[in-house]
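We number each residue from 1, following the sequence as shown. Note that the structure is a prediction, hence the values are computed from the model and not measured.
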Amino acid sequence: MAAELTAHELIARHRPTLDQALEAIRTRAYWSPHPEHPKAYGENGSLDMAAGKAAFDALHGTRIDLGQPGTDGWVEGETSPYGIETAVSYPHADLDELLPAMKAGMRAWRDAGAETRAVVCLEILKRISDRTMEFAQAVMHTSGQAFMMAFQAGGPHAQDRGMEAVAYAYVEQIRTPDTAEWTKPQGKRDPLALTKQFVPVPRGVALVIGCNTFPTWNGYPGLFASLATGNAVLVKPHPRAVLPLALTVQVARQVLTEAGFDANLVALAAERPGEGIAKTLATRPEIRIIDYTGSTEFGDWLESNARQAQVYTEKAGVNTVIVESTDDYKGMLANLAFSLSLYSGQMCTTPQNLLIPRDGITTDQGPKSFDEVAADLAKAVDGLLGDDARANALLGAIVNPDVKARLEAAAGLGEVALASREITHPEFPGAVVRTPVIVKLDGAKPDAEAAYMSECFGPVSFAVAVDSAGDAAELLRRTIREKGAMTVGAYTTSPEVEETVREVCLEEAAQLSLNLTGGVYVNQTAAFSDFHGSGGNPAANAALCDGAFVANRFRVVEVRREA
């Protein structure tokens, strides 16, 4: 069947956007082709909020039949953290049939070239963008994010990250020319002359192991980096967050078919309850690339056991903020309160440890003791979340029982500066909504160290008393080195303290935010400009997104002929 979308049409449609993305990653300036306000949707074929909700509701109780080979049954089992049953079913795959079918289409996809692959990927992202409001509902009801966050992080911001990966993939593939004429003089003899061809070749089938909390934001970089570099991609979603990635696979397969490629270049691997197919898939010889976001334990297992694959992991860390001094005490408290509250702390970038000198800090409002800083931060969080409607819009729902258990246990670890409270969601009474807890710890006590040196994922933060700013910097260094960190923050008016913290972060490869008091928060990163993770400490072995994230997903093979 002839392609409905030719490469020429796709290049004409998407090359300007690709060029803008290439310029954005070069300059690191702000740019996004995906609007992050709901009012921007509903025109030019995109779904508005009501249509997106209707499309999501229409999925309830249905099968998402992707037409994949090897379907040997159907999988169902997601329950929304907001307490509603979606009852969507997904194909379960016989891997011995599906994986060979995925490899079959790779030759034509490889031969299409870097530009064609890039614009096909951008067409996939455009169609996902047109359904952003539907995807927002799917992310909300699998991750527990509040709607606005699910819309932004699960929609435009995730799409930005996917496009960023495509741009980096394109840059790395065209770094080497397609052909070269090589001539070497031989003195009086005829020169040696060769015609050389350089072909980017994919590694094989890539596996994306999805996470529960950010299925699209964390899933899209690896998916599009592998696809744009010529690999087939098998998406294995988290069992509690299948729908957003199933819809993504559905769109990708439609676009690939229309562009004249094999739909099986992208496929879904949903699993039955308790099946645990990630380990099985990760060690199969067909799987040559793995992208994973999740626990340190399984990330370490992948790095040790998936020896046949190039493994990219984003695991866990203990994120730290040093509070030494500030010239905007009110702004600092407001910024930290928002950072601790957003999505109930269920972000890999949320601060956990707040290191504060036990003798207090200097501020524009005069000196503040350790206890005053902890109490004032508690008041700031209380003020932010005092209105239940606003609290629900910021907190979202607790994503799983383990987070709730950690939250409840944290109060027994030390003196509670801010107790967590339960909030009822007026629209979703089945949702588990809790405000953050802040616990005060003495950094010099061994029993306290056991708490603050372990990741406590969720709405739990520790105000840790330290002897000095120098001690805080050394504890920061040890925390990053031993446990890893996705983010580091610091508040200081001292150039010497700033330089000390900066040097620690440079030496230990951790991303640093200094003196944030406005509308940018330590747990947020912007595609095309900010690096998410560094790949240089135990929290993650890769950064989203840089050249290293894409360059080893393909190799360049040379074909030489005598001229």
Are the side chain of Thr116 and the backbone N or O of Gly113 linked by a donor-acceptor pair below 3.5 Å?
-> no
Pair Lys53 + Asp57, salt bridge at N-O below 4.0 Å | yes
Which atom pair, heavy atoms only, marks the closest approach of Trp217 to Arg161?
-> CZ2-NE, 3.5 Å
With sequence neighbours excluded, what pairs up with Glu76 under the side-chain contact (heavy atoms from CB on, under 4.5 Å) test?
-> Ala87, Ser89
Evaluate the criterion salt bridge (charged side-chain N to carboxylate O under 4.0 Å, His left out) for residue pair Arg110 and Asp262; output intermediate values, then yes/no.
-> CA-CA 12 Å; Arg110 177 201 70 199; Asp262 192 332; over 6 Å; no
Quick one: list whatever passes side-chain contact (heavy atoms from CB on, under 4.5 Å) with Ala150, sequence neighbours left out.
-> Val139, Met140, Gln145
Check the side chains of Glu78 and Thr142 for a donor-acceptor pair under 3.5 angstrom, ignoring hydrogens and angles.
-> no
Taking the six-membered ring for Trp, are Phe298 and Tyr292 ring centroids under 6.0 Å apart?
-> yes
Taking the inter-plane angle between the rings of Phe224 and Tyr220 on a 0 to 90° scale, is it parallel (under 30°), tilted (30 to 60°) or perpendicular (over 60°)?
-> perpendicular
Taking all non-hydrogen atoms of both residues, which atom of Asn392 and which atom of Pro426 are closest, and how far apart?
-> ND2-CD, 3.6 Å
Do Leu544 and Phe549 come within less than 4.5 Å of each other through their side chains, counting heavy atoms only?
-> yes
Measure the shortest side-chain to side-chain distance between Thr424 and Asp388 over non-hydrogen atoms and say whether it is less than 4.5 angstrom.
-> no
Glu97 and Thr71: side-chain donor and acceptor closer than 3.5 Å?
-> no
Are the side chain of Glu314 and the backbone of Gly294 linked by a donor-acceptor contact shorter than 3.5 Å?
-> no
Any side-chain heavy-atom pair of Phe147 and Gln137 under 4.5 Å = yes
List the steps, then state whether side-chain contact (heavy atoms from CB on, under 4.5 Å) holds for Thr487 with Thr350.
-> CA-CA 8 Å; Thr487 58; Thr350 301; over 6 Å; no
Looking only at non-hydrogen atoms, find the nearest pair between Ala225 and Val550 and report the distance.
-> CB-CG1, 3.7 Å
Yes or no on ring pair (Phe, Tyr, Trp, His ring centres under 6.0 Å) for Tyr41 and His37, after CA distance, side-chain angles and deciding distance?
-> CA-CA 8 Å; Tyr41 294 82; His37 195 285; 9.4 Å; no
So, does Asn523 use its side chain to make a donor-acceptor pair with the main chain of Ser339 at under 3.5 Å?
-> yes
Report yes or no: does Asn212 contribute a side-chain atom to a donor-acceptor pair with the main-chain N or O of Ser143 at less than 3.5 Å?
-> no
In Å and rounded to the nearest 0.5 Å, what is the CD1 to CG distance from Ile11 to Leu18?
-> 10.0 Å
Not counting sequence neighbours, which residues clear side-chain contact (heavy atoms from CB on, under 4.5 Å) with Gln152? List them please.
-> Glu36, Met148, His157
Does the side chain of Val166 come within less than 4.5 Å of Leu227's, by heavy atoms?
-> no
With a 4.5 Å limit on heavy-atom distance, are the side chains of Arg288 and Arg553 in contact?
-> no
Which heavy atom of Lys404 sits nearest a heavy atom of Val432, and at what distance?
-> CD-CG1, 3.9 Å
What pair of heavy atoms forms the shortest contact from Ile25 to Tyr168, and how long is it?
-> CG2-CE1, 3.7 Å
Please say which of Leu125, Leu122, Asp160 ends up in a side-chain contact (heavy atoms from CB on, under 4.5 Å) with Pro33.
-> Asp160
Please report the C-alpha distance between Arg284 and Asp96 in whole Å, then the side-chain angles of each, then the deciding distance to 0.1 Å, and finally whether the salt bridge (charged side-chain N to carboxylate O under 4.0 Å, His left out) criterion is met.
-> CA-CA 10 Å; Arg284 287 190 64 119; Asp96 290 331; 2.9 Å; yes
Going by atom types only, do Arg406 and Ser454 share a side-chain donor-acceptor pair under 3.5 Å?
-> no
Is the side chain of Thr216 donor-acceptor paired with the backbone N or O of Gly154 at a distance under 3.5 Å, no angle test?
-> yes
Taking Ser534 for its side chain and Gly536 for its backbone only, find out whether a donor-acceptor pair lies under 3.5 Å.
-> yes
Using the salt bridge (Lys or Arg N to Asp or Glu O under 4.0 Å) rule, collect all pairs that involve residues 130-156, keeping only residues at least two apart or in two chains.
-> Lys126-Asp130, Arg131-Glu134
Between Thr132 and Leu47, is a side-chain contact (heavy atoms from CB on, under 4.5 Å) present by the stated rule, with each step listed?
-> CA-CA 7 Å; Thr132 288; Leu47 300 180; over 6 Å; no
Donor-acceptor contact present, side-chain Asn400 to main-chain Val403, <3.5 Å = yes
Separation between CD1 of Ile398 and OG of Ser344, rounded to the nearest 0.5 Å | 4.0 Å
With a 3.5 Å cut-off and no angle check, do the side chains of Asn264 and Arg253 form a donor-acceptor pair?
-> yes
Would you say the side chains of Gln352 and Asn319 form a donor-acceptor pair under 3.5 Å?
-> no
Interatomic distance, CD@Gln159 vs CE@Met163, rounded to 0.5 Å, equals 8.0 Å
Please identify each residue that fulfils side-chain contact (heavy atoms from CB on, under 4.5 Å) with Ser80, with sequence neighbours left out.
-> Tyr82, Ile84, His141
Please round to the nearest 0.5 Å and tell me the distance separating atom CD of Gln250 and atom CZ of Arg127.
-> 11.5 Å
Picking from Lys236, His238, His92, what satisfies side-chain hydrogen bond (donor to acceptor under 3.5 Å, both in side chains) with Glu271?
-> Lys236
Quick one: does Thr229's side chain have a donor or acceptor within less than 3.5 Å of a partner on Ser226's backbone?
-> yes
CG (Asp291) and OH (Tyr312) are apart, to the nearest 0.5 Å, by 7.5 Å
Pairing of Lys315 and Glu455 as salt bridge, 4.0 angstrom limit = no
If only atom types and distance count, is the side chain of Asn231 paired as donor or acceptor with the main-chain N or O of Gly204 below 3.5 Å?
-> yes
Who pairs with Arg117 by side chain to side chain donor-acceptor pair (under 3.5 Å), at least two apart in sequence or on another chain?
-> Gln173
Any Leu10 side-chain heavy atom under 4.5 Å of Val120 side chain | yes
When every non-hydrogen atom of Leu281 is compared with those of Ile287, the smallest separation belongs to O-CG1, 3.2 Å
Taking side chain as C-beta onward, heavy atoms only, is Leu223 less than 4.5 Å from Thr248?
-> yes
Atom CZ of Arg13: over 12 foreign heavy atoms under 6.0 Å = yes
Any side-chain donor-acceptor pair under 3.5 Å between Asn44 and Ser46?
-> no
Student check: side-chain heavy atoms of Val208 and Ile289 closer than 4.5 Å | no
Where the side chain of Gln68 meets the backbone of Pro91, is there a donor-acceptor pair that is under 3.5 Å apart?
-> no
Trp109 CH2 to Phe261 CZ distance, which is reported to the nearest 0.5 Å | 5.5 Å
